[in-house]
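Input: a single structure, listed below in structure tokens.
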Protein chains: 2
Amino acid sequence: MMCAGELHSQEQHCCTPGCRVHGMLQPWLLLLLHEGPSHGYQLLDRLRRDGLASDPDPGLLYRTLRQLEEEGMVVSSWDTTRSGPARRRYELSPEGLDYLHAWVGEVARVRNQLDHFLSAYAQSFPPQAVNPEGKGGD
Amino acid sequence: MMCAGELHSQEQHCCTPGCRVHGMLQPWLLLLLHEGPSHGYQLLDRLRRDGLASDPDPGLLYRTLRQLEEEGMVVSSWDTTRSGPARRRYELSPEGLDYLHAWVGEVARVRNQLDHFLSAYAQSFPPQAVNPEGKGGD
DNA sequence: TTAGCATATATGTCGCCCACATATAGGAGT
DNA sequence: ACTCCTATATGTGGGCGACATATATGCTAA
């Protein structure tokens, strides 16, 4: 995690100003649900193991699922077949599938923007440039 | 820009929920300032032409520059040598240069995360997979 | 029995970044 | 005077993430 403040002072307990994947929870949930219906806690586990860099916040996850439901991207139903607390079973809707596809375009675009930045940086700081012309790099 | 709501209802005047480059204004400013001192309005122009996908918000830009100054990443001074309104000349500090380098690592990490998502998506939706085994894809 | 733990869902609060609107001011052209 | 361009700055509101906390079910150990 990085934050301008952290280079010269303490914390700022929150949300890492600076770069991070913002809003990637939604597409990850849509993608995981495309593989089959699931419930919040399980999605949390799958994200922990496979998806996001750091532990997704349960609060955010459940809020995001409810939001996706409000928007019609997923459909939920209570599942009380198993013992233990009732769980909400989420299922991807056709709209949700469309949304997932649309998301991918956005993500690819963002990735290209990051590439663009990294290229621009690489131009300003040529990696190990041993240049025969003798022009100074930095 | 994309927003779940936009697929089935109207607007939400603000901030594109969904994916976007979050917090990339800072590293872009640091990178541009590495090429030489500049002032806000000029940075805005350079970003418009070269950097970010969409017009950066002037308000955000000036706020970000002041924030970077508070954090010691840039140093500013008034420039009244030219006619017209006074302008603040921003210059990258050594700390700012360190910060830029740190940023690049973050950006690369995020890019890898986006790649990871795109790969996972590609696995779920194999591109044009004409599979000889005859197994249904979707 | 009751205390603790894992499972499972949910809300409160705060901070950051972004979008959009607006304010201020100097200088140039009409 | 009025408008436009340059240039900097603040107000306001929203979305998402981080962290804390509340709730309830069921199992197990003391």
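Here is the naming used below: chain letters follow the sequence lines, and residue numbers restart at 1 for every chain.
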> Closest nucleotide of DNA chain C for G84(B) versus for Y41(A): which of these residues is on the 5' side?
Replying inline: Y41(A)
> Could you give the CD-to-P distance, from Q26(B) to dC18(C), as a whole number of Å?
Replying inline: 8 Å
> Hey, which of these two, P56(A) or Y90(B), hits DNA chain D nearer its 5' end, going by closest nucleotide?
Replying inline: Y90(B)
>> Please pick, from dT9(C), dG17(D), dA24(D), the nucleotide with the shortest atom-to-atom distance to any side-chain atom of P85(A).
In response: dA24(D)
>> Does R63(B) reach a base, just sugar-phosphate, or nothing at all? Heavy atoms under 4.0 Å.
In response: base
>> As a test of reading the structure: which of dC17(C), dT9(C), dA24(D) is closest to the side chain of Q67(B), going by heavy atoms?
In response: dC17(C)
> Counting side-chain heavy atoms from CB outward, which of dA19(C), dA10(C), dC27(D) is closest to S83(A)?
Replying inline: dC27(D)
>> Any donor-acceptor pair under 3.5 Å linking the side-chain atoms of Y99(B) with those of Q26(B)?
In response: yes
> If you check the D57(B) side chain, which of dT8(D), dA19(C), dA10(C) turns out closest?
Replying inline: dA19(C)
>> Rounded to whole Å, how long is the line connecting atom CZ of R48(A) with atom C1' of dA6(C)?
In response: 12 Å
>> Is the distance from the ring center of H101(B) to that of F125(A) below 6.0 Å?
In response: yes
> If you check the R66(A) side chain, which of dA10(C), dG17(D), dT8(D) turns out closest?
Replying inline: dA10(C)
> Between E69(A) and S76(A), does any side-chain donor sit less than 3.5 Å from a side-chain acceptor?
Replying inline: yes
>> In whole Å, I'd like the distance from the CG atom of L25(B) to the C1' atom of dC16(C).
In response: 13 Å
>> Checking contacts here: which listed nucleotide (dT8(D), dC17(C), dT9(C)) is nearest the side-chain heavy atoms of R87(B)?
In response: dT8(D)
> Considering only dT9(C), dA7(D), dC16(D), which nucleotide approaches the side chain of Y62(A) most closely?
Replying inline: dT9(C)
>> Tell me whether D115(A) is salt-bridged to R111(B), with the criterion being a basic N under 4.0 Å from an acidic carboxylate O.
In response: yes
>> In this structure, how many angstroms lie between the C1' atom of dC18(C) and the CG atom of L44(B), rounded?
In response: 14 Å
